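Fair warning: this is a prediction, and the values are worked out from it, not measured in the lab.
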Amino acid sequence: MNQVPPNPLREGTPDDQQTPPCAFVIFGASGDLTRRKLLPALYNLGLSRSLPHAFSVLGVARRPKTDASFGEEMREAVGKFSRRKPLDLNAWVPIEQATGYVQGSFDQAKTYHDLRARLQRSDAERGTAQNRVFYLAVAPSEVLTIVRGLHEVGLLPRPSPEPGAPFSRVVVEKPFGEDLPSAQALNRELYRYLDERQLYRIDHYLGKETVQNLIVLRFGNAIFEALWNRSHISHVEITVAEDIGVEGRGKFYEQVGITRDIVQNHLLQLLTITAMEPPATLDADAVRDEKVKILRSLRPLRGADVLASVVRGQYARGIVRGDAVPGYREEPDVAPASVTDTYVAMRLQIDSWRWAGVPFFLRAGKRLAKRVAEIAVHFRSPPLALFGTAAAAGRSPNSLVLRVQPDEGVALRFDTKIPGAGMAMREVSMDFRYGTAFGGSSPEAYERLLLDAMRGDPTLFTRADEVEAQWGFIDPILSAWREHGAPVALYEAGSMGPAEADQLLARDGFAWRRP
Amino acid sequence: MDTGKLSDALSQLERSLAALWAPEAGQPPKSRVCTGNLVLLTGAERRASAQAMLDELRASERMRTFLVSIDPRLPPWSLEAGVSARCQREGEQLLCSERIELSLGAGAIDRVPSVVSSLWVPEVPTTFVLLEPAPALLVSALTRDASRLILDSEALGVEVSATIAASTHAHLIDLAWMRLYPWRNAVAGAFDTPALRAAVSAIHRLAVRCTGPAPCAPAARLLVGWLASRLRWSLQGTTAASDAQHQHVALQLEAQAVDGVPAGKLLSVELGATFGEAHLLLDVERSPHTTTLQVTRSAEGHGASVRRITLPEPSLHELLDRAIDDPTPDTALRQTLQRATLLTPQGAP
């Protein structure tokens, strides 16, 4: 295929993006994710002039729609859910004009033939150069069906080593399997049709600014990395708290629980980025190799260890943000005696030279006091309590808190002298907020991740061995709960979790940070 | 020579700055927000409008902002200064940024950089904004220490802007260049289609019209300069160029007076290209009293297309906010300014 030279009028300006021409195909185009996240993300990329100049969007779903009606629906959704308002028609109209819809069932060959014809038209009319990103915003049970369907009509050719050769990539949403055997089986099946280099397993937490900034903070600033080890850090807390409940998804939650839903992916990803060694380069595999090493260095929790190091909780009725809310067992489609986890706290150890003896405390919960995700790195106390303050009580005044959401930023806490006579001390905080420092709202995680998928950078996507290592760590915990009949600690909705979780830290002389 | 003494006034100013942070009874504690210094140079007569613009500027909520003016009405060596805090309540605290307003007498021009640099916050970037002509000595001294320079070549002129641009390695942003974006995008977009890509190297005619009286308004010159820099044209005055293959390109810069439209606004860009056996015609036209650009493209064998683009008309503070937050240096701008300076009628100096 002859390569068309780049448009010189796009060179040397911010329009000169590295994003190659491509068609972006969304399976599950009628769903909530498409309306709330994917199309608003594409629109915001358009607004930031990051979309390829040769670009099209094709939605695929079962519901009957025309190109025009799909475009109108998406316009309304983008107007409602975009982080930047009001809708800028100069940015939106070119996207809408490049938007099409293919109606069809995912298990019928005709759908894929129709899609192929539309993609060929897009290549001819819009110059999308046979480059495709297929985004599977569908139930996990439909992933294999779609990949097989794409393969059968020749839409998933294996990647060519030729520079500039057409590409076909598949973006898959979590959950990736429901345990280690199912994740392994899914990987094996997908490899029949795809190369690992074509698979982009999305964990949207990795697209958040603070998470990426953690890499810069650690490896771009010598001051932090020098302290980032067992000699200076006493413990680390990672929190993903939600104030909402199961929101009518009781049936789904009964099968999943928060450990599978949040800990296996988001929390373990935050842990690996916090704890990993510096990668040799910023190459995708170099970064992911280091993350996998952390997962493999996690001290396994098995049998009775699980009962001592992991607290399983479930919310009871209470008051959240001023409103009375029901307990989990009172939610629709939830068994009255359910033992499903809506909260989990765990004490982990990483067996490495850097982290030996430093406990990592992870917690995730629903119906907690507030919605917050953060990483708090607590430093050791001074060796001598000269001032008879927090340090004297064994509590360190120093912590570095990386807020992932909301209000992304970094805060460093330290003691300072209260002005005046004497040596009275008070904790103060140096605070950096993205919104304040850089103005406007930070890009949504999906913007960064969709762009990376189009540009072929898988660094912020989860590799097969990462997923399997995550399940390899989580599976024994779930087994131990089943086999030992682990108790379920109830906590009042609107609190920050059960008392048992507080005791988990208290045994080491620590207490959870109140975010 | 009376050299005056500004340091006493500066000391007083520093005390006033410190006093901003004194606790106030019944008020929550104040925290200073400062992610950079923003220095805006303005003439005394435009001071009030500059103040109003800064009040609207979002970036001033997080930067130490300096409004500096030289006022010939003041005694030559005098310095009049004022400080204020702009605060927003966030939860239990007030987040505040500072504004420093400095008016100096005409004799103190060479002291301005010293005064400003003694007051700016160290270790954070400094953005220098120049939206109107100012003494070269002052501009050059303030530009030297700026990490970001925002100017407006529509107000300063192409030659002055190009000279300033050439004198600094700061991240350069031109508001006139930003206003030109919809036009550039419309022209570039005509060649995005792979089948028409070859036509971009075969442009043989370019006509740019703007509101009069002068045909070489900065916007028109920037647009031609941009095409010349991207397509490696050699400009030969305002009527001709030769392209990268040494082929002739006919240039036409025209002015037209339009009632109610200020001078110097672009009205249309037309270009023609012949590639292979085919001809491409592109016409980007703005109706004088609307904010719509109509882009008409016709090419043999590729049909014709017409699309309309709404021209955004951001206010000055909106444009400036975008310029302050612009993350990526625009490498085409310096080359464009340099080429645009070559657009003088043949024989003119």
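Checking side-chain atoms of A/Asn7 against main-chain N and O of B/Arg197 turns up no donor-acceptor pair under 3.5 Å.
From B/Arg307, atom CZ reaches atom CD of A/Gln97 across 7.5 Å, with rounding to the nearest 0.5 Å.
Looking at B/Leu231, the atoms closer than 4.5 Å to chain A (heavy atoms on both sides) all sit in the side chain, from C-beta outward. Contact annotation for B/Pro182: neither backbone nor side-chain heavy atoms come within less than 4.5 Å of a heavy atom of chain A.
The cationic group of A/Arg10 does not satisfy the cation-pi geometry with B/Phe191, failing either the under 6.0 Å distance to the six-membered ring centre or the 45° limit from the ring axis.
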TODO: Show your working on side chain to side chain contact (heavy atoms under 4.5 Å, CB included) between B/Thr35 and A/Phe432 and close with a plain yes or no.
DONE: CA-CA 9 Å; B/Thr35 60; A/Phe432 155 72; over 6 Å; no
TODO: Could you walk me through whether B/Asp192 and A/Arg126 pass salt bridge (Lys or Arg N to Asp or Glu O under 4.0 Å), step by step?
DONE: CA-CA 9 Å; B/Asp192 281 336; A/Arg126 301 202 160 269; over 6 Å; no
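Scanning all heavy atoms of the two residues, the minimum distance from B/Leu311 to A/Asn90 falls at N-ND2, 4.5 Å.
For B/Ala299, the side chain to side chain contact (heavy atoms under 4.5 Å, CB included) criterion is met by B/Leu196, B/Leu280, B/His302, not counting sequence neighbours.
No more than 12 heavy atoms of other residues, nucleotides or ligands lie within 6.0 Å of CG in A/Leu282, so this atom counts as exposed by the packing criterion. The local environment of CD in A/Glu76 is sparse, with at most 12 non-hydrogen atoms from other residues, nucleotides or ligands closer than 6.0 Å.
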